[in-house]
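This report refers to the structure that appears directly beneath it.
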Amino acid sequence: MVPTAKPADPKTPVDAASAWDDLDPGLLSNQLVAWFQGARRDLPWRHELSAYRVWLSEVMLQQTQVSRVVGYFERFVARFPTVQDLAAADEDEVLSLWSGLGYYSRGRNLHKAAKAVVANHGGVFPTTAEALRTLPGVGEYTAAAVASFAGQQRVAVVDGNVVRVLSRLLNEDRAVQLPETKASLARSATILVDAAADAALHNEAMMELGALVCTPRRVDCAGCPWRTACLARSAGTVSARPVKLKARARTHLRLACIVVDVGGLVYLERRGSTGLFGGLGEPITAAMGDGDDVEAVWHTLCVERGISPPLRFTSPIVVERTLTHRELRFEVTMVQSSSAPSPPSAPSPQIGVADAGVFDDDALLTIGLSSAVRAVLAAARSPRLL
DNA sequence: AAGACGGGGCC
DNA sequence: GGCCCAGTCTT
């Protein structure tokens, strides 16, 4: 549920309310928006606030920095000017344009949502938070953002920037991951947006403040429109906010990998549509245990696919990539084969091969590949992919 | 309520 | 090279 201006819930704790006894939300919003008028960045998705473009940019911006998104956004709107264009595309093309952006379920859900808008909304992109929330890949934050920026609904938009800004303004000392803290901060966001003259402008300004001034590090308190009101600033706790719970440890994953060359073409399989790198292409890949002998695993993988293992494998090329919670270690060999491998009839559960094929270098650019696989292919055969 | 899910930039 | 950042969906 997006926070709304409903009467106070009787179960609402008093914590957030008490902090607001000494703060004036109308004044704060005016100060914030005045600052924003001078600081607003010119970003491509701000040129035309259609629901389609706002939605596309917000999905790309989930868990992703603005600087990463700009180029991807430009390529998407150039190729898919309307939601109908996106809905009519092949998933492969969508994923190939998404390649490198990460969190690939976003790309698959983007395509599904476009199809749903065409099928269920007559191709007219919804602009109410309630209708947006039913689209795949659109959660609380994205629904509120599109409803506010493109639909002019008075809803609070709460992303990580807003959480950081509010946790400092209010000097929140509880961990921001806790449901109670999130709810409390959302109530504060609603108090502010309800007092704003222009809710959309206020919401945009909140996020811009978090992106440009109230940043995770190197905070620019001197340039902040809220420097006199900020409770963390007066308490000297700015750099200690927001409070976060300890992150989980990273796990290691060893992967046996074979790049098969079939007369100059590279053989790729498609991963199953769920889980890590879902729906993307990859060379023959299998998870290994710590003590496994990579040559033995390579041998098995060849036999499973009906190609003859070489008498002697080329020694492993090691490609390592670090993800947020995993360290991937690909141990790669190259094999020449006169015939295309056939995907195993009983795919290993780690991989879940859906289909497969051989590709030349140009065709490689038309399917979705993770950055990790691009690095593997570049190391094995084709520097063009770097 | 907790875990899975990428990738890059900053220090 | 370690640390930090940031929404949605699934279980």
Side-chain angles (χ1 to χ4, degrees), chain A residues 1-2 54-72 95 98-113 129 132-146 156-167 175-183 185-186 189 206-207 210-212 214-219 239-253 271-280 282 287 319-330 350 352 368-376 386:
Chain A
M1 272 291 291
V2 170
V54 172
W55 161 76
L56 181 58
S57 68
E58 291 299 344
V59 171
M60 288 182 169
L61 286 162
Q62 292 166 8
Q63 306 286 295
T64 310
Q65 302 282 337
V66 164
S67 58
R68 288 280 307 147
V69 167
V70 171
Y72 284 88
L95 287 177
W98 198 273
S99 281
L101 204 49
Y103 287 113
Y104 296 92
S105 67
R106 293 185 298 167
R108 294 193 307 278
N109 283 333
L110 192 81
H111 192 218
K112 284 186 201 155
L132 286 158
R133 195 66 177 76
T134 68
L135 297 174
V138 176
E140 182 86 22
Y141 160 76
T142 305
V146 177
V157 180
V158 183
D159 74 341
N161 288 308
V162 173
V163 165
R164 185 172 56 253
V165 167
L166 290 178
S167 77
V176 292
Q177 290 97 330
L178 300 174
E180 185 184 310
T181 316
K182 285 188 198 170
L185 291 171
M206 286 284 287
M207 294 197 285
L212 299 181
C214 196
T215 46
R217 288 172 301 241
R218 296 173 167 275
V219 188
S239 61
R241 303 284 178 269
V243 175
K244 301 224 166 181
L245 300 175
K246 186 165 71 78
R248 303 189 301 280
R250 250 200 293 273
T251 56
H252 293 252
L253 186 58
R271 296 177 63 89
S273 61
T274 60
L276 188 67
F277 303 135
L280 303 188
E282 67 182 1
V319 174
E320 294 184 305
R321 306 294 282 196
T322 304
L323 311 182
T324 300
H325 297 304
R326 289 179 195 257
E327 283 206 13
L328 307 181
R329 176 188 166 89
F330 294 87
Q350 298 277 353
L369 301 174
S370 66
S371 293
V373 160
R374 284 182 189 278
V376 166
L386 268 183

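Since the structure is predicted, the reported quantities are computational estimates derived from the model, not experimental observations. Order of the sequence lines sets the chain letters (A, B, ...), proteins ahead of strands, with each chain counted from 1.
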Find which nucleotide of DNA chain B each of A:Leu323 and A:Pro179 is nearest to by heavy atoms, and output the residue with the more 5' nucleotide.
->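 That would be A:Pro179.
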Where the side chain of A:Thr215 meets the backbone of A:Leu212, is there a donor-acceptor pair that is under 3.5 Å apart?
->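 No: the side chain of A:Thr215 does not pair with the backbone of A:Leu212.
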Would you say A:Arg271's side chain and A:Glu282's backbone share a donor-acceptor pair under 3.5 angstrom?
->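 No: the side chain of A:Arg271 does not pair with the backbone of A:Glu282.
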Could you pick out which residue, A:Val138 or A:Pro216, lies toward the 5' side of DNA chain C when each is mapped onto its nearest nucleotide?
->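 Taking each residue's closest nucleotide, the earlier one in sequence belongs to A:Pro216.
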Could you say whether A:Leu61 or A:Pro136 is positioned toward the 5' end of DNA chain C, judged by the nucleotide with the nearest heavy atom to each?
->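 Whichever sits nearer the 5' end wins; that is A:Leu61.
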Length of the line joining [X]:[atom1] and [N]:[atom2], which is rounded to integer Å:
X: A:Leu253; N: B:dC5; atom1: CG; atom2: P; value: 10 Å
X: A:Leu245; N: C:dC5; atom1: CG; atom2: P; value: 13 Å
X: A:Tyr104; N: C:dC9; atom1: OH; atom2: C1'; value: 18 Å
X: A:His325; N: C:dC4; atom1: NE2; atom2: P; value: 12 Å
X: A:Tyr141; N: C:dC5; atom1: OH; atom2: P; value: 17 Å
X: A:Gln63; N: C:dC4; atom1: CD; atom2: P; value: 16 Å
X: A:Met60; N: C:dT8; atom1: CE; atom2: P; value: 15 Å
X: A:Leu178; N: B:dA1; atom1: CG; atom2: C1'; value: 11 Å

Going by heavy atoms closer than 4.0 Å, what residues in residues 105-113 of chain A are next to DNA chain B?
->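 Hits under 4.0 Å, by residue number: none.
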Between CG of A:Leu95 and CG of A:Leu101, what distance do you get to the nearest 0.5 Å?
->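 Reported to 0.5 Å precision, the distance equals 11.5 Å.
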Identify all pairs in which a protein N or O lies below 3.5 Å from an N or O of nucleotides 9-11 of chain B, and state each distance.
residue	atom	partner	partner atom	Å
B:dC11	OP1	A:Arg218	NE	2.7

For A:Gln63, what residues pass the side-chain hydrogen bond (donor to acceptor under 3.5 Å, both in side chains) criterion, not counting sequence neighbours?
->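 Per chain and number, A:Gln63 pairs via side-chain hydrogen bond (donor to acceptor under 3.5 Å, both in side chains) with no residue.
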Contacts of type side-chain hydrogen bond (donor to acceptor under 3.5 Å, both in side chains), residue A:Thr142, not counting sequence neighbours |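 In terms of side-chain hydrogen bond (donor to acceptor under 3.5 Å, both in side chains), with neighbours along the sequence ignored, A:Thr142 is linked to A:Gln62.
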Would you say [X] places a side-chain N or O within less than 4.0 Å of OP1 or OP2 belonging to [N]?
X: A:Thr142; N: C:dT8; answer: yes
X: A:Thr324; N: B:dC5; answer: no
X: A:Arg326; N: B:dC5; answer: yes

Categorize [X] for me: base, sugar-phosphate, or nothing, with a 4.0 angstrom heavy-atom threshold over every strand shown.
X: A:Gly278; answer: nothing
X: A:Tyr103; answer: base
X: A:Lys182; answer: nothing

Rounded distance in Å between the P positions of B:dC5 and C:dC5 |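 Rounded to whole Å, the distance is 22 Å.
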Qualifying residue, where the test is side chain to side chain contact (heavy atoms under 4.5 Å, CB included) with A:Leu323 and the options are A:Leu276, A:Thr251, A:Leu253 =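 The residue from A:Leu276, A:Thr251, A:Leu253 that satisfies side chain to side chain contact (heavy atoms under 4.5 Å, CB included) with A:Leu323 turns out to be A:Leu276.
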Name all pairs fulfilling the side chain to side chain donor-acceptor pair (under 3.5 Å) condition that reach into residues 103-113 of chain A, sequence neighbours left out, sorted by first residue then second.
->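 Only A:Thr64-A:Arg106 qualify under side chain to side chain donor-acceptor pair (under 3.5 Å).
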Salt bridge (Lys or Arg N to Asp or Glu O under 4.0 Å) against A:Arg250, all qualifying residues, sequence neighbours excluded |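 Scan of A:Arg250 (salt bridge (Lys or Arg N to Asp or Glu O under 4.0 Å), adjacent residues dropped) gives A:Glu327.
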With a 4.5 Å heavy-atom cut-off, do A:Lys244 and A:Gln177 have their side chains touching?
->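 SC-SC contact between A:Lys244 and A:Gln177 confirmed.
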Is there side-chain contact between A:Leu185 and A:Val176, with heavy atoms separated by less than 4.5 Å?
->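 The answer is yes; the side chains approach within 4.5 Å.
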C:dG7 base to A:Gln62 side chain: any donor-acceptor pair below 3.5 Å?
->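 No, no donor-acceptor pair under 3.5 Å.
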